[in-house]
Amino acid sequence: MGIRQTMKGRRALSAVAITAGLLLTVAGCGGGDDGDSDKGAPTPSTSATSGSSDGGNAESKTPEPETVLAEVKGENGLVLAITSAQRDEGGFVTVEGTVTNNTGDGWIAGTWRGDESELAKNGASMAGASLIDQKGKKKYLVLRDTSGRCLCTQFSGGLTQGATTQWFAQFPAPPADTTAVDFLVGAMPPASIELTEGE
């Protein structure tokens, strides 16, 4: 019986010592005399607040690439998806999306740059894309800078079989009462999209 009581006593002392050590460790890590350490370690209420501001914005932006406004297939297996068509304050519309090469071979967007000779300097690009406003009966071409280069994606090196890449193109904004347009590029079928207002 004496041996059992001794063992029980040692176990109890060991448990107390371990608990005390853990409490001291937690207290040592949790404290901090300088103000910088407090700023670096947000309290639960602070992290909840930041989650609804900066962190919340980051989380809300994550699903956007998965949201597909329109998707068309053509040109021997190319898949064009549009994920955003947003009006911006500067009086233009930015259209963004992805293109996936399912042609069975490498793909170069040579025909997507348009027929105008000035656009040849853009190389393989989205320079030949356009927006069609069916309501206003107008066609909007990709915007260009003062050097004649398109405000759009330029594809360097082409796209290998099975690969997907992102693209963008900027256009003059249709009138405010135009809420839907058709997006055209190359020989792809038209993609009907709804325009959204910028934040």
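For reference, positions follow the sequence shown, starting with 1. The shown structure was predicted, so the numbers you read here are calculated from the model rather than taken from an experiment.
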Could you check whether any side-chain heavy atom of W112 comes within less than 4.5 Å of a side-chain heavy atom of L80, counting everything from C-beta outward? yes

Testing the basics here: between A81 and V68, what is the closest heavy-atom pair and its distance to 0.1 Å? CB-CG1, 4.2 Å

Heavy-atom nearest pair, P175 first then Y140, reads CD-OH, 3.5 Å

So Q161 and W107, do their side chains get closer than 4.5 Å, heavy atoms only? no

State yes or no: do L141 and F168 share one hydrophobic cluster built from I, L, V, M, F, W and Y residues joined by side-chain heavy-atom distances below 4.5 Å, directly or via other members? no

For N76, look at atom CG and say whether over 12 heavy atoms of other residues, nucleotides or ligands are found less than 6.0 Å away. no

Testing L184, V181, T178, D182 for side-chain contact (heavy atoms from CB on, under 4.5 Å) with L131, which one passes? V181

Quick check: does any side chain N or O of S125 sit under 3.5 Å from a backbone N or O of A127, one acting as donor and the other as acceptor? yes

Under 3.5 Å donor-acceptor, R87 side chain and P174 backbone: yes

Under the rule for side chain to side chain contact (heavy atoms under 4.5 Å, CB included), what residues qualify as partners of I108, not counting sequence neighbours? A124

Can D177 and K135 be counted as an ion pair, charged N to O under 4.0 angstrom? yes

Is there a side-chain contact between T103 and E75 (heavy atoms, below 4.5 Å)? no

Taken in chain and number order and not counting sequence neighbours, the residues that satisfy salt bridge (charged side-chain N to carboxylate O under 4.0 Å, His left out) with D145 are none

Under 4.5 Å between any side-chain heavy atoms of P189 and K73, yes or no? no

Quick one: side chain to side chain contact (heavy atoms under 4.5 Å, CB included) partners of T165, sequence neighbours excluded? V99, F155, L159

T100: what forms a side chain to side chain contact (heavy atoms under 4.5 Å, CB included) with it, not counting sequence neighbours? V79, N102, T164

What class does the angle between the rings of F171 and F183 fall in, given that below 30° is parallel, 30 to 60° is tilted and above 60° is perpendicular? perpendicular

Could I get the full list of salt bridge (charged side-chain N to carboxylate O under 4.0 Å, His left out) partners for K138, not counting sequence neighbours? none

List the steps, then state whether side-chain hydrogen bond (donor to acceptor under 3.5 Å, both in side chains) holds for T94 with Q170. CA-CA 4 Å; T94 301; Q170 291 184 324; 3.1 Å; yes

Output all residues satisfying side chain to side chain contact (heavy atoms under 4.5 Å, CB included) with A85, sequence neighbours left out; order by chain, then residue number. L69, V95, I193, L195

Check whether any side-chain heavy atom of V93 lies under 4.5 Å from a side-chain heavy atom of Q86, and answer yes or no. no

Do the non-hydrogen side-chain atoms of P172 and F92 ever get within less than 4.5 Å of each other? no

Might you point out which heavy atoms bring A129 and V142 nearest each other, and give the distance in Å? O-CG2, 3.3 Å

